[in-house]
Amino acid sequence: MNTRATGWTEVGPGCFARRYPSFDVTVGVVVGADGLLVVDTRGSLGEADELRADLVALSSAPVRWVVDTHWHFDHCFGNARFTEAAIYGHETVPEMLATEAEAVRASLAERSPEWAREMGELVVVPPSRTFSSVAVVDLGDRQVELVHPGRGHTAGDVAARVPDADVVYVGDLIEESGPPMYGEDSFPLEWPATLDLLTGLLTERTAVVPGHGAVVDRAFAQAQRIEVSNVAETVRHLAAEGVPVDKALDAGEWPYPRESLAHAVRRGYEHLGSTGAGRRSLPLLPP
């Protein structure tokens with residue numbers, strides 16, 4: 001198959017990735033005897049329509065399954081264009097979409113008239129097949145393992161592992177095109193342990209497909225795990241030393257730019273039950 005002509009990159013036998021300029025999202029596809037499994041559907045109906053056209057260029061097989069790696073709009077707001085498929089996601093995703101999608105929709109509508117039109121037409125479709133820890137999707141001649149390794153980027157991050165191809169689609173638990181994204185719904189203190197479990201699924205040859213950016217390998221994932229652990233350890237140390245939460249960014253030594261870590265600090269302090277107001281003796285969990 002001439003993947004250069006189709007715009008898809010074959011990252012393993014029958015496993016593909018395509019990186020889109022919009023939000024630098026990387027979409028995955030696994031080809032099976034019974035159809036296609038798509039990992040993430042992009043951020044709007046228009047973006048999903050573009051994805052569907054690109055899928056036709058890749059294969060004439062039907063899309064039978066979709067995996068939402070998490071609830072964020074740029075990964076699942078295109079679900080409405082794939083309602084013929086079984087849509088898999090973590091059990092927390094439907095509730096997050098029910099409570100948060102309208103605010104996200106309103107914010108996106110302010111970007112431009114085009115986005116306002118897109119968000120006005122959008123129907124938010126949650127996963128129809130949810131699970132708590134693991135699930136297996138049978139593609140006819142191969143299986144895809146879905147794993148929730150723990151909380152990190154969100155409460156419901158999912159990785160899709162294709163064992164026979166040694167490919168793992170990891171969503172935003174690993175990012176290549178920038179630092180890991182710590183948002184208002186992230187779990188910075190739990191993220192290192194989540195990456196411990198995730199990297200345990202990888203071999204030296206595994207193609208690791210992040211939610212944003214280029215395909216990486218186990219060494220990259222392990223290095224990012226160390227950086228994420230450094231963030232968690234620094235938050236714990238500053239809170240234990242009584243550094244106020246609003247002073248912590250300036251007081252710490254961080255592996256990533258300070259401007260990307262405001263939510264990591266705030267969420268970390270919240271999870272420790274600390275404001276940093278005065279020295280406290282806190283249970284320092286292992287990283």
Side-chain angles (χ1 to χ4, degrees), residues 9 11-12 15 17-20 23-28 39-40 67-72 74-75 90 145-162 166-238 248-249 252-268 271 284-287:
T9 299
V11 297
C15 298
R18 187 180 184 117
R19 187 174 174 180
Y20 286 93
F23 303 105
D24 199 18
V25 167
T26 302
V27 171
V39 181
D40 289 337
V67 176
D68 292 337
T69 59
H70 57 294
W71 75 270
H72 288 168
D74 47 332
H75 297 265
H90 188 256
E145 300 170 352
L146 309 182
V147 180
H148 169 59
R151 302 191 297 190
H153 178 62
T154 70
D157 299 299
V158 169
R161 178 174 178 256
V162 191
D166 204 4
V167 173
V168 182
Y169 299 90
V170 297
D172 288 2
L173 284 172
I174 297 289
E175 295 202 38
E176 184 276 333
S177 57
M181 178 62 183
Y182 292 93
E184 295 180 352
D185 58 337
S186 64
F187 292 82
L189 304 185
E190 298 180 37
W191 204 331
T194 295
L195 291 186
D196 282 340
L197 195 155
L198 180 63
T199 55
L201 303 175
L202 312 177
T203 73
E204 291 182 357
R205 297 173 299 281
T206 302
V208 181
V209 184
H212 301 269
V215 177
V216 297
D217 57 13
R218 183 176 69 176
F220 182 98
Q222 290 173 327
Q224 194 157 104
R225 187 271 176 206
I226 292 172
E227 294 168 347
V228 168
S229 179
N230 286 343
V231 171
E233 290 172 352
T234 301
V235 169
R236 287 193 181 95
H237 172 75
L238 293 172
L249 275 178
E253 295 185 8
W254 308 99
Y256 303 124
R258 283 179 168 80
E259 59 268 21
S260 70
L261 294 172
H263 289 307
V265 170
R266 183 183 62 79
R267 290 281 287 177
H271 295 154
L284 301 185
L285 302 177

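By convention here, the first residue in the shown sequence is residue 1. Everything numeric here is computed off the predicted structure, so don't read it as measured data.
At distances below 3.5 Å, at least one donor-acceptor pair connects side-chain atoms of T154 with backbone N or O atoms of G156. Without hydrogens or angle criteria, R267 side chain to S186 main chain gives a donor-acceptor distance under 3.5 Å. Side chain of R161 to backbone of E145: no donor-acceptor contact under 3.5 angstrom is found. With H237 contributing its side chain and E233 its backbone, the two residues share no donor-acceptor pair below 3.5 Å.
Under the 3.5 Å distance criterion, with hydrogens and angles disregarded, no donor-acceptor pair is assigned to the side chains of W254 and N230. For the residue pair D40 / T69, a side-chain donor-acceptor distance below 3.5 Å is found, with atom types taken as modelled. Under 3.5 Å, the side chains of D185 and H263 contain no donor-acceptor pair of N or O atoms.
Listed here is the closest heavy atom pair of A264 and V235: O-CG2, 4.2 Å. In terms of heavy-atom proximity, P192 sits nearest to S229 at CG-CA, 3.6 Å. The two atoms that bring A232 and P188 nearest to each other are CB-O, 3.6 Å, heavy atoms only. Of all the heavy atoms in W191 and D172, the pair that sits closest is CZ2-O, 3.6 Å. Considering every non-hydrogen atom in both P210 and T26, the closest pair reads O-CB, 3.4 Å. Contact between A159 and V168 at its shortest, heavy atoms only, is CB-CG1, 4.2 Å.
Interatomic distance, OG1 of T199 versus CZ of F220, reported as 13.5 Å (0.5 Å rounding). In this structure, CD in E227 is found 10.5 Å from CG in L195, a value given to the nearest 0.5 Å. Distance check: R225 CZ to L197 CG gives 12.0 Å after rounding to the nearest 0.5 Å. D157 contributes atom CG, which lies 11.0 Å from atom CD of E190 (distance to the nearest 0.5 angstrom).
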Practice prompt. Apply side-chain contact (heavy atoms from CB on, under 4.5 Å) to the pair V215 and T9, showing each step before the final yes or no.
Written response: CA-CA 10 Å; V215 177; T9 299; 5.8 Å; no
Discussion item. Applying side-chain contact (heavy atoms from CB on, under 4.5 Å) to H212 and E176, what does each step give before you reach the verdict?
Written reply: CA-CA 6 Å; H212 301 269; E176 184 276 333; over 6 Å; no
Discussion item. R236 vs L189, test: side-chain contact (heavy atoms from CB on, under 4.5 Å). Steps then yes/no.
Written reply: CA-CA 8 Å; R236 287 193 181 95; L189 304 185; 3.6 Å; yes
Practice prompt. Applying side-chain contact (heavy atoms from CB on, under 4.5 Å), run through T194 and L173 and close with a yes or a no.
Written response: CA-CA 9 Å; T194 295; L173 284 172; 4.0 Å; yes
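Note on ring orientation: taking the six-membered ring where Trp is involved, the planes of H90 and H148 are tilted (angle from 30° to 60°). By the 30° and 60° cut-offs, the orientation of the rings of H153 relative to H70 is perpendicular.
R205 pairs with exactly one of V167, D166, D217 by the side-chain contact (heavy atoms from CB on, under 4.5 Å) rule, that one being D166.
Taking 4.0 Å as the cut-off between side-chain N and carboxylate O, R19 and D24 count as a salt-bridged pair.
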